[in-house]
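Contents: one structure, followed by commentary.
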Amino acid sequence: MEKLYEENPYLTRFTAAVELCRPGEGGWEVILDRTAFYPEGGGQPWDLGRLGGAEVTRVRLLGDRVVHTCSAPLEPGTRTEGEIDWPRRFDLMQNHSGEHIVSGIAHEKWGCENVGFHMGAETVAIDFDRALAWEQLAVLEEAANRYIWEDRPVSVRFPEGEELERTAYRSKKALTGRVRIVSFPGADVCACCGTHVSSAGQVGLVKLLSLQKLRGGVRIELVCGGRALKYLSGVWEQNRQVSNLLSAKPLETGAAAERLLEENAGLKERAARLEQEQFEGLAGRYAGAGDVVLFQEGLTPGGLRRLCAAVLERCGGRCACFSGADGAGWQYAVGEKGGDLRPLAKELNRALEGRGGGKPDFVQGAVRAGRREIEAFFAAFGG
């Protein structure tokens with residue numbers, strides 16, 4: 001089978017003879033005498049497109065044959081026209097080529113070996129066997145983009161014999177037979193079966209997004225070309241909105257957000273003090289009251305807990321506090337000094353459609369029942 005994508009990744013239309021067509025998983029499996037469709041492999045997804053009137057939904061290698069999964073059958077012995085989904089193909093070419101540049105430069109600068117590569121629908125992930133810091137990632141990103149701006153040509157060749165033995169190239173495993181070498185001069189030389197751009201400038205842009213530790217090394221996430229433009233345009237739009245909301249210049253939104261967070265923290269602290277004063281005043285009304293059931297609007301779980309604790313100090317019995325609304329559900333906090341609330345919590349959750357738990361003397365959770373049902377439950381339970 002002639003694999004046209006190996007020689008010319010820019011070929012988007014071709015004709016071929018249908019050699020085999022059979023029912024398969026997800027459609028009809030078609031084998032041609034030649035194809036421009038790239039099959040899944042090497043971390044790169046398969047091409048999409050059309051063969052005749054059928055959609056090509058998956059492409060894979062079976063031995064040395066390329067199998068196309070199609071939405072409709074094609075007649076063996078006939079000729080058909082193939083068309084590649086070019087925007088998708090070029091996107092994959094940009095991102096695969098960007099991965100080569102980043103991996104090659106990381107290898108040259110710090111001896112990093114690429115031990116894993118995955119090209120997802122949104123981002124590309126590369127696994128390196130050595131730890132890297134964010135500061136190194138900034139150096140790597142700048143070097144990769146400077147290489148792209150130099151727009152050096154990319155070459156693909158199939159060296160054999162002594163020439164192959166003399167060629168130094170990256171590979172995740174030992175290779176035999178026909179080896180396809182992809183060269184990004186000054187950045188990377190790698191054994192690779194994927195599709196790539198013809199010159200580095202067509203990658204357009206590389207943006208490194210994240211860094212996380214992974215099995216003694218790191219995983220970095222990146223986007224290239226059109227994906228990088230889309231990502232940065234989205235970030236810009238988000239920052240434009242933040243800039244308008246904070247009345248800050250686009251390059252000053254970080255400082256403005258920091259000031260806002262400081263102001264918010266001060267307001268939260270003041271609100272917590274006022275809330276606690278309210279709780280103490282409310283607790284005073286229940287001094288010596290024994291078992292108490294309270295309903296209070298608009299409390300967070302933390303506020304509900306503090307209210308329950310404040311009343312518990314004064315009431316001399318069990319305190320059950322609720323905050324919420326009928327239909328939306330009620331959060332609860334129940335405390336009893338030296339008590340064992342586990343039987344009550346179990347029955348409360350069963351009877352009032354609730355969930356929750358905690359320590360023997362203090363439990364928290366939520367119920368779906370209404371206020372009347374809650375009050376009736378505690379009246380029957382002795383509260």
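Everything quoted here is computed from the prediction, not taken from an experiment. Just so you know, residue 1 is the first one in the sequence shown, and it goes up from there.
At distances below 3.5 Å, not a single donor-acceptor pair connects side-chain atoms of His196 with backbone N or O atoms of Ser97. Not one N or O on the side chain of Arg219 forms a donor-acceptor pair closer than 3.5 Å with the backbone of Leu214. Within the 3.5 Å criterion, the main-chain N or O of Ser103 finds no donor-acceptor partner in the side chain of Asn114. Asp361 places no side-chain N or O within donor-acceptor distance of the main-chain N or O of Gly339, the cut-off being under 3.5 Å. Looking at Arg180, its side chain does come within 3.5 Å of a backbone N or O of Gly194 through a donor-acceptor pair. Between the side chain of Ser199 and the backbone N or O of Asp151 there is no donor-acceptor pair closer than 3.5 Å.
Under the rule for a side chain to side chain contact (heavy atoms under 4.5 Å, CB included), the partners of Pro250 that lie at least two apart in sequence or sit in another chain are Asn239, Ser243.
Under 4.0 Å is where a charged nitrogen must lie from a carboxylate oxygen, and between Lys337 and Glu313 at least one such pair does. Salt-bridge annotation for Glu83 and Arg50: absent, with no side-chain N of the basic residue lying under 4.0 Å from a carboxylate O of the acidic one. For the pair Arg146 and Glu150, the salt-bridge criterion is not met [side-chain N within less than 4.0 Å of a carboxylate O]. The pair Glu141-Lys207 counts as a salt bridge, with a side-chain nitrogen and a carboxylate oxygen less than 4.0 angstrom apart. Salt bridge annotation for Arg350-Glu347: present, with a cationic side-chain nitrogen under 4.0 angstrom from a carboxylate oxygen. By the 4.0 Å N-to-carboxylate-O rule, Glu275 lies close enough to Arg306 to be salt-bridged with it.
A donor-acceptor contact closer than 3.5 angstrom links the side chains of Ser210 and Glu221. Side-chain atoms of Tyr147 and Asp188 include no donor-acceptor pair closer than 3.5 Å. For the 3.5 Å distance criterion, the side chains of Ser198 and Gln202 qualify, holding a donor opposite an acceptor. No hydrogens or angles considered: a donor-acceptor pair under 3.5 Å links the side chains of Thr35 and His68. In this structure, a donor-acceptor pair under 3.5 Å is absent between the side chains of Glu40 and Gln44.
In this structure, the separation between CG on Leu32 and CZ on Phe14 is 6.0 Å, given to the nearest 0.5 Å. Taking CD of Glu373 as the reference point, atom CG of Asp326 lies at 8.0 Å (rounded to 0.5 Å). The NZ atom of Lys359 lies 14.0 Å from the CG atom of Asp340; values are rounded to the nearest 0.5 Å. Thr253 OG1 to Gln241 CD: the interatomic distance, rounded to the nearest 0.5 Å, is 12.0 Å. The distance from the CG atom of Leu222 to the CG atom of Leu208 is 6.0 Å, given to the nearest 0.5 Å.
Classification of the Phe117-His96 ring pair by plane angle, with boundaries at 30° and 60°, yields tilted. The aromatic rings of Tyr332 and Phe322 sit tilted relative to each other, their planes meeting at an angle between 30° and 60°.
Taking the six-membered ring wherever Trp is involved, the centroid distance between the rings of Trp110 and Phe128 does not fall below 6.0 Å.
For the residue pair Ser323 and Leu299, the shortest heavy atom distance occurs at OG-N, 3.0 Å. Shortest non-hydrogen contact noted between Val66 and Met1 is N-SD, 3.2 Å. Heavy atoms only, all atoms of each residue included: Leu232 and Leu205 are closest at CD1-CD2, 3.5 Å. Here the shortest heavy-atom pairing between Cys21 and Leu74 reads CB-O, 3.1 Å.
Summarising the local packing, CG of Leu251 is surrounded by 12 or fewer heavy atoms from other residues, nucleotides or ligands at distances under 6.0 Å. Heavy atoms from other residues, nucleotides or ligands lying under 6.0 Å from CD of Gln276 number more than 12. Residue Glu353 qualifies as enclosed at atom CD: its count of foreign heavy atoms under 6.0 Å is above 12. Within a 6.0 Å radius of CZ in Arg60, more than 12 heavy atoms belonging to other residues, nucleotides or ligands are found. Other residues, nucleotides and ligands contribute more than 12 heavy atoms inside 6.0 Å of the CD atom of Glu237.
A cation-pi arrangement is found for Arg371 relative to Phe295, the charged atom lying closer than 6.0 Å to the ring centre and inside a 45° cone about the ring normal. In this structure, Arg178 satisfies the cation-pi test against Phe158, with its NZ or CZ atom closer than 6.0 Å to the six-membered ring centre and inside 45 degrees of the ring normal.
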TODO: Given salt bridge (charged side-chain N to carboxylate O under 4.0 Å, His left out), test Arg259 with Glu262 step by step and report yes or no.
DONE: CA-CA 5 Å; Arg259 289 193 299 271; Glu262 290 174 355; over 6 Å; no
- [ ] Begin from the C-alpha positions of Leu48 and Val56 and carry the test side chain to side chain contact (heavy atoms under 4.5 Å, CB included) through to its verdict.
- [x] CA-CA 6 Å; Leu48 297 177; Val56 177; 5.7 Å; no
TODO: May I have the step-by-step check of salt bridge (charged side-chain N to carboxylate O under 4.0 Å, His left out) for Asp91 and Arg227, ending in yes or no?
DONE: CA-CA 8 Å; Asp91 168 65; Arg227 294 190 191 189; 2.8 Å; yes
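Follow the hydrophobic side-chain contacts under 4.5 Å out from Val182 and you reach Val206 in the same cluster. In this structure, Phe37 is not a member of the same hydrophobic cluster as Met93, with clusters built from ILVMFWY side-chain heavy atoms closer than 4.5 Å.
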